Number of protein chains: 2
Amino acid sequence: MSDVIKPPPTANPALEIVHSPSLYQAVAERLRLMILENMLAPGSRISEKHLCETFGVSRTPLREALKVLANEGLIELLPNRGAHVTEIDPQEVSDLFDVMAVLEGLSGSLLADRASNEEIAEIQSIHNQMVACYQNQERSEYFRLNQHIHHRLTEISGNRVLHKLAPSLMTKVTRARYAANMQLERWEQSVEEHELILQALKKRDGPALSAIMSLHMQKTGDAVRQRLQPN
Amino acid sequence: MSDVIKPPPTANPALEIVHSPSLYQAVAERLRLMILENMLAPGSRISEKHLCETFGVSRTPLREALKVLANEGLIELLPNRGAHVTEIDPQEVSDLFDVMAVLEGLSGSLLADRASNEEIAEIQSIHNQMVACYQNQERSEYFRLNQHIHHRLTEISGNRVLHKLAPSLMTKVTRARYAANMQLERWEQSVEEHELILQALKKRDGPALSAIMSLHMQKTGDAVRQRLQPN
DNA sequence: GGAAGTAATTTTGAATTCAAAATTCAGAAT
DNA sequence: ATTCTGAATTTTGAATTCAAAATTACTTCC
């Protein structure tokens, strides 16, 4: 294997490193996505050399990215024994949703006080798109909008710590949902809950909004729990 | 400056890199502490070369540590322009305490259900030591025990996500408290609140414990807020 | 045929090197 | 004196190199 012709940066265009603020961030971003979508199996070992070739970067920025991901808990670094993708532990996923639920509750309280009319209209608009996706059974676009609306809600809540914290937790939530491969029944229920959220938001009813958003996350958690622990 | 005699690892023993699982972690740990205690002033630029000499390590592990700290939000990495210690933004500190308050609330709910008698006895013991420290006005030891009791409480709550999340937020809380340079008046009140927490825990009164722990964090936040915004 | 020990290979951790970008400094022009 | 220009220096980003540890493969012995 000495005469392997090194291919141009990478074969798979989906894996190419593009629009990079800095190289390690681009690599971290890519890795996150790969772990999220289970392209890297939980528990599997990550070969530095292999990933370097895949991404077309040297080990330095890759290893920097690995350190960041390890800090986020997506991978584990065993000293002198390489990086492993963390397993999806049902207990940890359960714990995660409990934490997310109280954070959503906080978000709801703040939103009722702070959302402007324009912002509420924007949320309504995203919600309408989501309903349309549901009716057309456009699953992945619904998923994308769902991420987006959550992101905007934490942003509009005006608590910057919450807004910075949520995405990294959401990454794990999304990973668990991928693994759980949610069903349609829950989809309908979820849309209804979003409807209730919009109503409470428009009424600016803090306690109600807080309760519903928290409950929504709890129920999502229940559904994921059920599928991860088929007992 | 070509004949500089390189000193043994480092001059200041307090800065020496010791008990390291891996080098970058040890460096990250040290840096966290230095930022926490305002040895590195908020807003100040971090010179890689200088820190390498201080720690006696090469740039590689230092830069890995910087990436991790940036991810935690303790420093900012401006591309091609170095690392800066993040400023302590009063608004962000305020937001932080709001988030911590709901997390403490969750912790309280869980603790009432899950703490064993032995664990409650352990918490009581730490609390007793804290009271003794208060009576003897041993400020720094009280501070240390306060960190410890919070850490144990999240651990005993049994929610691993909470237990992993809290320390990194606590780092920022501690940093804000250092910056605010808390006064004695609040100290007495704080001890009383801890007393109430113990009582609720022993009664295993979930709602009460949740409320008190959350309130305790909110009040700490109020005190810090007041000192950071002297208006 | 299987286990144990040892050499070769691979992989990791960390220092060094190299190139590009930013900063500093000196000198010239206004 | 001040501002502009451009070379020298420093600092950063990333690749490469080197040493130590771990893994693999091979040989020998039972």
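Because only heavy atoms are used, hydrogens play no part in the values below, and waters and symmetry mates are left out as well, while side chains stay in. In what follows, every chain begins at residue 1, and chains take the letters A, B, ... in the order their sequences are listed. These numbers were taken from a predicted model, which means no experiment stands behind them.
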Salt bridge [X]-[Y], side-chain N to carboxylate O under 4.0 Å:
X	Y	answer
B:Arg144	B:Glu141	yes
B:Lys219	B:Asp222	no
B:Arg32	B:Glu29	yes

hbond_proxy A:Ser58 side chain to D:dA14 base (donor-acceptor, 3.5 Å cutoff):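 No, the side chain and the base share no sub-3.5 Å donor-acceptor pair.
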Under 3.5 Å donor-acceptor pair, B:Arg81 side-chain atoms to D:dG13 base atoms: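 Donor-acceptor pair under 3.5 Å: no.
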Output the rounded distance in Å from [atom1] ([X]) to [atom2] ([N]).
X	N	atom1	atom2	value
A:Ile46	C:dT11	CD1	C1'	14 Å
A:Lys49	D:dA22	NZ	P	20 Å
A:Leu77	D:dA21	CG	C1'	16 Å
A:Glu53	C:dT10	CD	P	13 Å
A:Leu78	D:dT23	CG	C1'	15 Å
A:Leu51	C:dT10	CG	C1'	16 Å
B:Leu23	D:dA20	CG	C1'	14 Å
B:His50	D:dT10	NE2	C1'	16 Å

For the student: nearest non-hydrogen atoms of A:Ser157 and A:Arg114, plus distance: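 Nearest pair, atom of A:Ser157 first, then A:Arg114: O-NH1, 2.8 Å.
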Presence of A:Arg59 side-chain N/O under 4.0 Å of D:dG13 phosphate oxygens OP1/OP2: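 For D:dG13, neither OP1 nor OP2 has a side-chain N or O of A:Arg59 closer than 4.0 Å.
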Shortest side-chain distance from B:Asn80, nucleotide among C:dT12, C:dA21, D:dA14: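 Nearest listed nucleotide: C:dA21.
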Selection from C:dA15, D:dA14, C:dG13 that lies nearest to any side-chain heavy atom of B:Pro61: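 Looking only at heavy atoms from C-beta outward on B:Pro61, the closest nucleotide is C:dA15.
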